[in-house]
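Step one of this worksheet: look at the structure below.
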Amino acid sequence: MKKYQPQEMEQSWYQKWEDANYFAPSGNGQPFSISIPPPNVTGTLHMGHAFQHSLVDSLIRYRRMQGDQTLWQMGTDHAGISTQMLVTEQLAAEGIKPSELGREKFLDKVWEWKEESGDTITRQLRRLGASLHWETERFTLDEGMSRAVLEVFVRLHEEGLIYRGKRLVNWDPVLHTSISDLEVESEEEPGHLWHFRYPLADNPNEFMVVATTRPETMLGDTAVAVHPDDERYQHLVGKEVQLPLCDRSITIIADHYVDKDFGTGCVKITPAHDFNDYDVGRRNNLALINIFDEDASLNDNAPEKYRGLDRYEARKLIVADLDALGLVEKIEDHKMVVPRGEKSGVVVEPYLSDQWFVKIKPLAEPAIKAVENGDIEFIPKNYENTYFAWMRDIQDWCISRQQWWGHRIPAWYDGEGNIFVGRNEAEVRLKHQLPDDVTLRQDEDVLDTWFSSALWTFSTLGWPDKTADLETFHSTDLLVTGHDIITFWVSRMIMMTLKFMDEVPFKKIYVTGLVTDADGKKMSKSKGNGLDPLDIIDGISIDDLVRKRTSNMLQPKMAEKIENATRKEYPNGIDSYGTDALRFTFYSISTRSRTIKFDLNRVEGYQHFCNKLWNAANFVFMNTLEHAAATDFNNGEKDFGVVDRWITSELQKTIKSVDLAMQTYRFDLAAKAIYEFIWDEFCDWYLELSKPILYSQSTSKAELRATRYTLIDTLETVLRLAHPFLPFITEEIWQKIPVNIRTDAETIMLQPFPVPNNALIDSAAESDVGWIKAVVTVLRNIRGEMDISFGKPIPVLFYNGNETDKRRLETYRTLLESLVKPERMEWLAAGDGAPVSATGLVGDMQVLVPMSGLIDKDAEIARLDKEIDRKQKDIARTEAKLSNPNFVEKAPTEVVQKEKDKLADLASACEQLEEQKKRLGNI
RNA sequence: GGGUGUUUAGCUCAGUUGGGAGAGCGACGGCCUUACAAGCCGUAGGUCGCAGGUUCGACCCCUGCAACACCCACCA
């Protein structure tokens, strides 16, 4: 076999699998389905995706191998705002404004871009080995899904669960659209608290001092509020103040919203530009004065001087003007929470506008129950708290977006402002008997992207039609996702699916941690610390990596910093590790931690693991196929030796571990069990122990046949066991196994997953091999510490062994010799004077290496001292325990007995070691 | 302000019903031993965040504290 070279074989295998349609659901087993969280169609695969999809793929492959009818539904999301932003930026580079193109032509451009770049993410998923069912791939804006969206919108509207209203919403002044609460990111930023004096209307020499973080909104003030119980101001309630810079007076009101102890206890109220003030305004019937236009520059409701100014320019001017009037009491530094648009990064503005909303409470209630009663289960369970916290305090969902790319809202307006909702204009006309001469104009807005993805699990399967796929595969079994979109997506899917399917979208939700960089920082484009999974698979030069991380920066000044950090962290770029190594890394790090620091060293380690497996296979083939026809060791009498029975027994236990791990979604434990079996047991011990059997002249035909069979059979089984995690290397090796050992199928993908066989558990073999390992380890230890090279044969004497020791040495002498490389190996009779030796213990049996010329006496004494010391500490601890009457009385008898046995063993061992030490001291 | 997590070897992390603290990487020493130097063999390294409590016995259960992280929230 050639060296392990993942790159070529991985791509060719994927192609073969896909061409052969192996990813399609097949058979008539139990249905098992998972819907992919639809990636942004114009996006690229990031580490979080790669992580989640690797986990899902292992489950899908596992269940497929177990004979389930397995569907991993593929699809992509149109990602409204992100995609529109991207295309807008590209057009801007060509000097084109979307408004010049108009809606239709702009959308043509977006579709063009989608066609051009839409295959990036799917290509990347293929490189990851994801066994997605590509044939039924869907897109949130395709015809079928658009039909589902229309259907849902119309039905919800008919039930009064969708309504239109003028409300204060989060407005993005750059993107010119409303966004939902969830799309606002609030962070603490330094700011100021301005204290202004508002003169009383009936006494301009007296002032109310109000504090604000938004001076410019004062132009929209319609009241000043104080707390009802605040004695300082009670006499002023009901009076008016003159609003400076504006030619109007506003009322002083009392409202419990005000905190007496904050600032002066007086609050300016701007109902049209602050969510709290909006509520205060409603309670007190205050007027709403909107002073901004869509850009958040001042509109005609502001005094003439300020009209047309940007909000921050206006702020400066207003503060200056107030200062000139002597109305600025003071300006304090103040940390405040600033809401910014998730996508644009600009400060969003509470803005009064006409929008569509989903009345959410009626939908939320059943969705809460579904999790409460266990129809849906979060893994880990504590994420249910996040879910409940959000759902129990959920607010109506603003679903209209002032954008072009998305599902256009199916509402039409006549000239008089009447609203008609329907699946299309014809239906609307028919339903409302509107003649052709009534001009209808469709709503210009589109729906929030999450509206369509909320329908994901059932709309992808053909809803609203009653399709066979829907019948078979819905509810889906599992959702794997990051905790960051529990609120955005998971909760909304649960609500919509319960509403329209009357069943849950998925039975379990596996929430992954967030993949971060080595410093624990979230990977992001703007920070320039992201890794592209493909760069780990294929490798990338440092120059290319720097270019990738610093191109298209929103903040170009960051580029230099990012370049320096990148060159420091990856001086030589990133090596190529292959998909299998990357995937195995993901399984191994899939712990329950919330953040997962991604460490390339782990990937390197698992690449070494792949290499190990590769070379082990090489060894197996060299010693089986190259020596005999497969029929020769498959047929005929086999005499399984102890090591054959032992590794087979270990394999059964490993299969059980992997099964248990997969049933409990502990991918890390599954990976660990496989890793340890292959490396620590199969390679380090079994392959080594098989050598004397394979090479010795005295091995019988039946023994040889048995070992050859075990070698290749164990390899074949472990390949199937590991396939869900390491799909490529396992397929590549499996193909080389002759068809009378494996089945004659064309792919390992569709082979049965190994089933543990209890009849093959052999504890006698396990303890015998345990003894062999112990003897070998003791002698390796002496060699290592005494600096005796492996090539130098050493004399080995055994002393004080029992009957079992004697039987074992007799039986396994050949095996031991091959691993120990002794000059001679024999029992020392009780009466014989033992020569001065280095000593190790296996139970009570002393393993001696006589010292003549080999061993440094002082070093051996030191070694013995260390060992004795260690044991004596243990003895002291155990004795203390046993001398405690409470322990002896109250602890379970088996625990007490265990301690007693342990003490006896330790004492005996200590005695042996002391004896040796004494002998050395006597020289 | 509310909530949820985390704290174990130099680093990254396991530790599944409380009964002798583990892995990988790194470090150190020795090996080109006929599958693999992407390897083999060995060694060192931990008051399990701190303080109490429960228990015969606590990394594990309870209470408090500290540090860090994230989520939610309208304090102008």
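Letters A, B, ... mirror the listed sequences (proteins, then strands); counts begin at 1.
- Across all strands, A:Tyr383 comes closer than 4.0 Å to no nucleic acid atom at all (heavy-atom distances).
- Going from the P atom of B:A66 to that of B:C13 covers 25 Å, rounded to whole Å.
- To the nearest whole angstrom, the two P atoms, one in B:A51 and one in B:A58, are 15 Å apart.
- OP1 or OP2 of B:A14 has at least one side-chain nitrogen or oxygen of A:Thr591 nearer than 4.0 Å.
- At the phosphate of B:U43, OP1 or OP2 sits under 4.0 Å from a side-chain N or O atom of A:Asn781.
- Both A:Pro6 and A:Ser593 lie near RNA chain B, and the one whose nearest nucleotide falls closer to the 5' end is A:Ser593.
- Remark: B:G1 base-pairs with B:C72. Criterion, Watson-Crick or G-U wobble with two distances under 3.5 Å.
- The shortest distance between the side-chain N/O atoms of A:Lys691 and the OP1/OP2 oxygens of B:U33 is not below 4.0 Å.
- Mapping A:Asp680 and A:Asp684 onto RNA chain B via the closest heavy atom, the residue that lands nearer the 5' end is A:Asp680.
- Remark: A:Tyr695 is in phosphate contact with B:A35, judged by side-chain N or O atoms under 4.0 Å from OP1 or OP2.
- For an aromatic pair to be called close, the ring centres must be under 6.0 Å apart, and A:Phe725 with A:Phe667 fails this.
- Spacing between B:A21 and B:G26 at atom P, rounded to whole Å, works out to 27 Å.
- Remark: P of B:C56 and CZ of A:Arg877 are 21 Å apart, rounded to the nearest angstrom.
- Using Watson-Crick or G-U wobble geometry with both donor-acceptor distances under 3.5 Å, B:U47 finds no partner in any strand shown.
- Searching all strands for a Watson-Crick or G-U wobble partner of B:C31 with both distances below 3.5 Å returns B:G39.
- Nucleotides B:G46 and B:A9 place their C1' atoms 5 Å apart, quoted to the nearest Å.
- The shortest distance between the side-chain N/O atoms of A:His608 and the OP1/OP2 oxygens of B:G24 is not below 4.0 Å.
- Comparing B:G64 with B:C25, their P atoms are spaced 41 Å from each other, to the whole Å.
- Rounding to the nearest 0.5 Å places CD1 of A:Ile253 at 3.5 Å from CG of A:Asn284.
- Summarising the base pairing, B:C13 is matched to B:G22 through a Watson-Crick or G-U wobble pair whose two defining distances lie under 3.5 Å.
- Rounded to whole Å, the distance from CZ on A:Phe388 to C1' on B:A73 is 20 Å.
- Phosphate proximity of B:U43 to A:Arg870: absent, as no side-chain N or O sits under 4.0 Å from OP1 or OP2.
- Using Watson-Crick or G-U wobble geometry with both donor-acceptor distances under 3.5 Å, B:G57 finds no partner in any strand shown.
- Of the side-chain N and O atoms in A:Trp679, none sit less than 4.0 angstrom from OP1 or OP2 of B:A35.
- Taking atom CD1 on A:Ile486 and atom C1' on B:G3, their separation rounds to 13 Å, with Å as the unit.
- Put simply, A:Lys597 has no side-chain N or O that comes within less than 4.0 Å of OP1 or OP2 on B:C11.
- Rounded to whole angstrom, the span from the CG atom of A:Leu669 across to the P atom of B:C13 amounts to 16 Å.
- In summary, A:Asp874 and A:Arg870 do not engage in a salt bridge, as defined by a charged side-chain N under 4.0 Å from a carboxylate O.
- If you check B:U6 for Watson-Crick or wobble pairing at under 3.5 angstrom, you find it paired to B:A67.
- For the C1' atom pair drawn from B:C28 and B:G45, the interatomic distance equals 11 Å after rounding to whole Å.
- Separation of the P atoms belonging to B:C11 and B:G5 is 25 Å when rounded to the nearest angstrom.
- A:Asn623 has its CG atom 7 Å from the P atom of B:A35, to the nearest Å.
- Separation of atoms CD (A:Glu860) and CD (A:Glu785) is listed at 9.0 Å; rounding is to 0.5 Å.
- With salt bridges taken as basic N to acidic carboxylate O contacts below 4.0 Å, one links A:Lys871 and A:Glu867.
- Comparing the P positions of B:C59 and B:G22 gives a spacing of 14 Å, expressed to the nearest Å.
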